[in-house]
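Since the structure comes first, as structure tokens, the remarks are kept for the end.
A note on names: the letters A, B, ... follow the listed sequences, proteins ahead of strands, and every chain is numbered from 1. For the numbers below, each heavy atom of this structure counts, side chains included, while hydrogens, waters and symmetry mates do not.
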2 protein chains.
Amino acid sequence: MKRKITLKQIARELDVSISTVSKALSNSKEISEDTTKKIQAFAKLYNYKPNNIALSLKNRKTKTIGILIPEIVHHFFSTVIRGIELIANRRGYNVIVGLSNESFTKEIINMEMLANGSIDGFILSISKETLLKQDYHHFNATINQGMPIVMFDRVVSEVDCDKVIVDDFNGAVKAVKKLVDNGCKNIALITTMDYVSVGRLRTQGYLEALGTSGIDANSNLILKIDDSLDVENHLDDLENEIAQFFKINENIDGVFAVNELYAVTAMKVARKLGLNIPNDVQVIGFTDGVLSKHATPSLTTVSQHGQKMGEQAANLLIDRLEAIDAESDQYFTNDERKSDFIKVVIETEIIERESTK
Amino acid sequence: MKRKITLKQIARELDVSISTVSKALSNSKEISEDTTKKIQAFAKLYNYKPNNIALSLKNRKTKTIGILIPEIVHHFFSTVIRGIELIANRRGYNVIVGLSNESFTKEIINMEMLANGSIDGFILSISKETLLKQDYHHFNATINQGMPIVMFDRVVSEVDCDKVIVDDFNGAVKAVKKLVDNGCKNIALITTMDYVSVGRLRTQGYLEALGTSGIDANSNLILKIDDSLDVENHLDDLENEIAQFFKINENIDGVFAVNELYAVTAMKVARKLGLNIPNDVQVIGFTDGVLSKHATPSLTTVSQHGQKMGEQAANLLIDRLEAIDAESDQYFTNDERKSDFIKVVIETEIIERESTK
DNA sequence: ATTCGCAACGAAAACGTTTTCGTGTTGACA
DNA sequence: TGTCAACACGAAAACGTTTTCGTTGCGAAT
């Protein structure tokens with residue numbers, strides 16, 4: 001077991017100074033061709049690779065970006081990570097992930113753990129608990145320390161930073177319009193509580209689409225699921241709730257659900273009630289994941305393009321990091337530096353499958 | 001925007017030496033109570049936190065572990081990550097993830113990128129291409145450099161390291177036995193090509209279970225899917241292949257599939273052919289993911305307990321890292337240090353749902 | 001009066017780089 | 001012969017810590 005070799009060891013072995021070795025390896029023309037070749041050969045032989053930590057310390061940047069998300073066993077979030085990793089790697093960055101598990105405290109702990117030099121910037125999506133508390137001081141604090149943040153999907157106007165969001169509102173509008181165009185008269189909405197902004201926006205899109213289609217919104221047709229409890233492990237509760245909903249509203253001929261789990265469950269319930277999909281009731285869900293693709297019938301969805309979101313977020317962050325780099329040469333007053341933050345909106349797309357006509 | 005404060009700045013501000021500040025902050029009794037209090041107050045006021053990179057350089061360990069997996073948009077792998085992150089965080093470690101995307105080259109690039117000081121050890125699962133090439137020199141190389149590796153799920157005997165695997169063989173045996181016990185006479189196997197060890201082991205389990213049940217294996221009932229092509233984006237190919245399979249073998253009354261996608265697709269195909277599940281044909285899949293839980297009918301599966309695998313892997317790695325730490329005090333010859341590597345086997349569990357009687 | 005011990009602090013090395021700024025040795029040229 | 005530039009290299013600082021080993025001053029003991 002031979003540990004990694006360092007400049008110092010090469011220098012000692014070849015009887016030159018550390019600086020000579022360093023320069024030779026970077027092909028500096030300060031060093032003669034002879035010694036350069038000798039050193040490079042030796043370095044290659046012993047498989048020398050510069051130590052990242054030492055470089056990070058010297059350059060005061062780590063070339064790694066921190067991802068902080070609520071949950072990783074989740075199709076959308078993992079897609080985003082894939083996008084981030086793709087771009088990050090391509091541009092020479094590493095990715096370190098922290099999971100908030102939807103908890104305010106874990107979010108803070110994780111941020112502090114990473115903000116102390118481990119990373120150059122954050123890409124994050126806010127936890128539910130944080131959204132509920134509306135306490136965003138930790139975000140602003142780390143931004144004030146000079147660490148850039150890019151938020152995606154679950155964002156908040158109280159924090160000034162770059163953002164990548166999906167057009168929840170228009171996505172919902174498109175979906176509901178499609179149901180209307182397909183002949184649905186009584187379109188139900190299955191959504192979450194309002195504090196998660198994406199749920200709220202999708203609900204607004206639903207209402208908007210009904211309005212412009214000349215259909216009166218009927219509050220009986222809106223089902224708000226309390227997702228503060230762990231839905232995944234209380235599937236039958238969810239099923240029962242939706243079943244009740246269907247029994248009370250027998251006239252439902254279209255369903256728009258704000259996520260695919262609700263949509264798939266709605267399909268399941270409807271079929272148990274003897275309804276045919278898509279003939280008796282058509283269903284569209286938000287979030288295009290594995291479930292939608294492989295359900296029977298397969299589910300028409302509003303795709304969020306998670307990977308694209310991740311790619312955009314990564315590009316935004318790295319662009320900003322490199323801008324800061326370039327900036328540090330010049331002199332800027334605080335006002336000049338106060339850049340305008342970018343908000344990228346990813347367009348949604350309807351993916352038609354078997355659950356609609 | 002105020003950058004993070006350093007020991008040096010505190011020292012200058014309070015007109016003491018750097019060492020005094022460092023000692024005061026760690027409550028050394030070398031420093032008088034007065035100065036200690038003064039320094040700690042100042043540090044708290046300016047929210048001093050030691051710089052992780054500097055600490056890493058000094059201590060020659062980063063307190064972060066590298067995860068290298070083939071794919072992240074994958075229920076099983078993300079579950080494992082969740083387990084790793086849970087333990088890592090609890091034990092004071094961060095996790096940095098690299099994706100090989102099933103590519104040999106990306107696997108190597110990623111390893112080299114991380115092995116140069118960024119992490120203390122690896123947790124990884126081998127890419128398909130690497131398994132196909134059977135070239136494992138990069139694993140052995142990093143182990144030889146003193147960096148411990150823990151492999152999970154897709155492991156290989158050619159590399160000497162700790163391993164966490166699921167009992168693929170017995171899991172398959174259990175599943176097929178259950179089908180036999182439930183009255184199935186003609187049990188089909190839908191599997192992958194042999195080079196992925198887990199697929200091979202599950203196939204062996206299938207054969208074993210048939211053998212001990214006194215049923216002759218019929219090679220017509222074994223369907224090997226070529227998953228070197230991107231199955232997710234060629235779903236209809238998969239469907240057609242399985243449909244042909246069913247048409248040729250009309251007597252199939254049970255299906256064991258080595259992953260949930262194959263299982264769910266088999267169910268879909270069977271139903272299109274007018275077969276009832278579970279009355280006409282019963283289905284069990286390996287890998288318990290979202291699909292299994294939410295399919296209609298829901299799928300009976302062999303659960304791999306991904307999160308538990310992640311937790312075990314993390315504990316194994318951190319245990320070893322801390323052992324190395326303690327070791328470094330004493331003197332060991334190479335022979336003495338050659339420790340025995342641990343192989344943890346995670347027991348599978350059959351989760352019964354609607355696709356079996 | 002000298003020695004001793006202790007309390008309180010500082011200097012410096014070390015971790016592994018890169019980079020700036022010397023410095024000594026050539027050879028050419030006036 | 002003396003000057004100067006070019007060449008080839010080394011010393012040292014810096015990044016931010018921790019830790020070892022001084023060093024100082026002072027009261028007590030001999």
Side-chain angles (χ1 to χ4, degrees), chain A residues 2-40 42-43 46-63 115-120 145-146 325 328-329, chain B residues 2-40 43 46-64 115-120 145-146 325 328-329:
Chain A
K2 36 185 177 181
R3 282 216 103 70
K4 301 225 58 153
I5 198 172
T6 71
L7 287 187
K8 190 192 282 193
Q9 296 172 42
I10 300 184
R12 184 163 359 111
E13 215 69 28
L14 260 44
D15 215 46
V16 291
S17 79
I18 297 183
S19 9
T20 304
V21 179
S22 174
K23 289 169 186 167
L25 291 180
S26 56
N27 281 312
S28 160
K29 36 189 236 168
E30 264 186 84
I31 307 299
S32 75
E33 205 173 324
D34 278 5
T35 33
T36 299
K37 278 195 174 157
K38 189 177 60 177
I39 291 177
Q40 290 189 348
F42 191 90
Y46 283 89
N47 191 30
Y48 170 79
K49 296 277 166 52
N51 180 303
N52 269 332
I53 297 293
L55 282 180
S56 296
L57 184 59
K58 177 124 204 27
N59 301 330
R60 293 147 119 240
K61 60 186 164 198
T62 60
K63 287 272 183 180
N116 296 320
S118 303
I119 62 169
D120 295 339
Q145 298 200 345
D325 244 35
S328 68
D329 296 339
Chain B
K2 34 185 181 182
R3 280 217 104 69
K4 302 228 56 155
I5 198 171
T6 71
L7 286 188
K8 190 193 281 194
Q9 296 172 41
I10 299 184
R12 184 160 3 108
E13 216 68 30
L14 261 44
D15 214 49
V16 291
S17 79
I18 297 183
S19 7
T20 305
V21 179
S22 175
K23 288 169 187 166
L25 291 179
S26 56
N27 282 313
S28 160
K29 35 187 235 166
E30 265 186 81
I31 308 299
S32 75
E33 205 173 325
D34 278 5
T35 32
T36 299
K37 277 193 175 159
K38 189 177 58 177
I39 291 177
Q40 289 190 347
Y46 283 89
N47 192 30
Y48 170 80
K49 296 277 167 52
N51 180 303
N52 268 332
I53 297 292
L55 282 179
S56 295
L57 184 59
K58 177 120 200 39
N59 300 330
R60 296 150 114 234
K61 59 186 162 197
T62 61
K63 286 273 183 177
T64 100
N116 296 320
S118 303
I119 61 169
D120 295 340
Q145 300 201 345
D325 243 36
S328 68
D329 296 339

Checklist entry - With sequence neighbours excluded, what pairs up with A:Asp120 under the side-chain contact (heavy atoms from CB on, under 4.5 Å) test? => result A:Lys61, A:Thr62, A:Tyr93, A:Leu321
Checklist outcome for this item: Rounded to 10°, the angle between the first-five-pair and last-five-pair axes of the helix from C:dA1-D:dT30 to C:dA30-D:dT1 is 100°
Checklist entry - When you list every nucleotide of DNA chain C with an atom under 4.0 Å from a heavy atom of chain B, which one comes first 5' to 3', and which comes last? => result C:dA8 to C:dG16
Checklist entry - Looking just at side-chain N and O atoms, do A:Ser26 and A:Ser28 make a donor-acceptor pair shorter than 3.5 Å? => result no
Next on the checklist: Which residues pass the side-chain hydrogen bond (donor to acceptor under 3.5 Å, both in side chains) test with B:Ser56, not counting sequence neighbours?
Outcome noted: none
Item to check | salt bridge (charged side-chain N to carboxylate O under 4.0 Å, His left out) pairs, two or more places apart, involving residues 18-32 of chain B | outcome: B:Lys23-B:Glu30
Checklist entry - Do A:Tyr48 and A:Ile10 come within less than 4.5 Å of each other through their side chains, counting heavy atoms only? => result yes
Checklist outcome for this item: By nearest-heavy-atom nucleotide on DNA chain C, the more 5' of A:Ser26 and B:Arg60 is B:Arg60
Item to check | Counterpart residues, side-chain contact (heavy atoms from CB on, under 4.5 Å), relative to A:Lys38 (two or more places apart) | outcome: A:Leu14, A:Thr35
Checklist entry - For B:Ile119, which residues count as a side-chain contact (heavy atoms from CB on, under 4.5 Å) partner, sequence neighbours excluded? => result B:Thr64, B:Ile96, B:Leu114, B:Phe122, B:Met147
Checklist entry - Going 5' to 3' along nucleotides 5-10 of chain D, which nucleotides have protein heavy atoms under 4.0 Å from the base (write B), which only from the sugar-phosphate (write S), and which from neither (write -)? => result ---BBB
Checklist entry - Out of curiosity, B:Leu7 CG to B:Ser22 OG, how far, rounded to the nearest 0.5 Å? => result 5.5 Å
Item to check | Set of side-chain contact (heavy atoms from CB on, under 4.5 Å) partners for A:Asp34, sequence neighbours left out | outcome: A:Ser32
Checklist entry - Are side-chain heavy atoms of A:Ile5 and A:Asn47 found at a separation under 4.5 Å? => result no
Checklist entry - When we call it a touch if two heavy atoms are under 4.0 Å apart, what does A:Thr6 touch: a base, just sugar-phosphate, or nothing? => result sugar-phosphate
Item to check | Residues that A:Asn51 engages under side-chain hydrogen bond (donor to acceptor under 3.5 Å, both in side chains), provided they are two or more places apart | outcome: none
Checklist entry - Would a 4.5 Å heavy-atom cut-off, applied to side chains only, mark B:Leu25 and B:Ile39 as touching? => result yes
Next on the checklist: Just to be sure I understand the geometry, which residues of residues 47-57 of chain A put a non-hydrogen atom under 4.0 Å away from DNA chain D?
Outcome noted: A:Leu57
Next on the checklist: If the condition is salt bridge (charged side-chain N to carboxylate O under 4.0 Å, His left out), which residues does A:Lys37 pass it with, not counting sequence neighbours?
Outcome noted: A:Glu33
